[in-house]
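Since the structure comes first, as structure tokens, the remarks are kept for the end.
Remember, predicted model here, so these are calculated numbers, not experimental data. In listed order, ligands and their atoms are each counted from 1. Start at 1 with the first residue, then count along the sequence.
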Amino acid sequence: MYILNTVDEIRKFVRSARATGQRIGFVPTMGYLHEGHLELMRWAKKHCGIVVVSIFVNPTQFGPQEDFAQYPRDLERDAKMVESVGVDVIFNPSVSEMYPSGYCTYVDLERVTERLCGLSRPGHFRGVATVVTKLFNIVNPDQAFFGQKDAQQVLVIKRMVADLNMDLEVVTVPTVRESDGLAMSSRNIYLNPEQRQAALVLYKSLKIAEEAVAAGQKDTSIIRQLVIDTIAAEPLAEINYVEIYSYPDLEPVTKILESVLLALAVKIGRTRLIDNMILGVGDQCI
Ligand code: PAF
């Protein structure tokens, strides 16, 4: 497996792989990998002959008060994990390789970014859309793989790919959870044992909502309140948002007649965690 740091190197690698007739699968990450990332890579390996993983902690998607500086980084550990699932190459650029001096081009989406994490993390999706566009242009993959845990991110990227006529397929992979239900996230590392226990309230609240819907409850305000009450009962949890929108359009919805996205962001101590579930009929991810 190779670790390449420059745009020129990865472009050369991908060009020669494609010349042998191989399809290119791409998994963009910010590193500090976990089983959720490895699942994306396994899916990529199943669909494509060559798998490229990028590891780049992207400064433009972090707000000034957010954890860019503290975000966990361990390339050696990541490389071993990536190799174990048959990835062919890691693209690990520096910040100056991606954003050289004088850089001033950004990708901005309307509507789909104006809710949920887009409201609580202003500028976040501008940074995500920009870096993902750059990575797609650099790697030029046939397919790119994203986790459903970041449901809004997937919707943003699918919208961007469609709107900008990008020539690739975005594949959504279901959320991978710890055995007790906590969604895998690089940020789980920030949680001390007491907070780790408290974080279970996210999944617990989603399951309560799921049960209510299965029992026939269709009123989104009742379901939302159930989720809020469940999370509020956990003293270490502070709700950032709990919202229900139509899925995949993210429009306000009062009754669950088709698929809806129940999405939440909750702070446990200083760590902000997100999770979601698709309720109602239809697929778990688009
Ligand atoms: O989901 C992530 O890890 C990041 O938002 C991504 C897609 C790698 C862009 O930096």
Would you call the rings of Tyr71 and Phe62 parallel, tilted or perpendicular if under 30° counts as parallel and over 60° as perpendicular? perpendicular

Original post:
Hey, is the main chain of Val107 close enough, under 3.5 Å, to the side chain of Thr130 for a donor-acceptor pair?
Top reply: yes

For atom 3 (O) of ligand 1, the closest protein heavy atom turns out to be Met30 CG, 3.6 Å

Between Asn58 and ligand 1, does any nitrogen or oxygen pair lie at a separation below 3.5 Å?
-> no

for atom 9 (C) of ligand 1, nearest protein heavy atom and its distance come out as Gln61 OE1, 3.3 Å

**Prompt:** Based purely on interatomic distance, does Thr29 place a nitrogen or oxygen under 3.5 Å from a nitrogen or oxygen of ligand 1?
**Reply:** no

Q.
Check Arg272 with Asp67, please: is the shortest side-chain N to carboxylate O separation under 4.0 Å?
A. no

Could you label the plane-to-plane angle of the Trp43 and His47 rings as parallel, tilted or perpendicular, counting under 30° as parallel and over 60° as perpendicular?
-> parallel

Atom 5 (O) of ligand 1: closest protein heavy atom, distance to 0.1 Å, is Gln153 OE1, 2.7 Å

Exercise for the section: For Asp142 and Arg23, indicate whether the former's side chain and the latter's backbone hold a donor-acceptor pair under 3.5 Å. Expected result: no

Within 4.0 Å of some non-hydrogen atom of Val131, the atoms of ligand 1 are 9 (C), 10 (O)

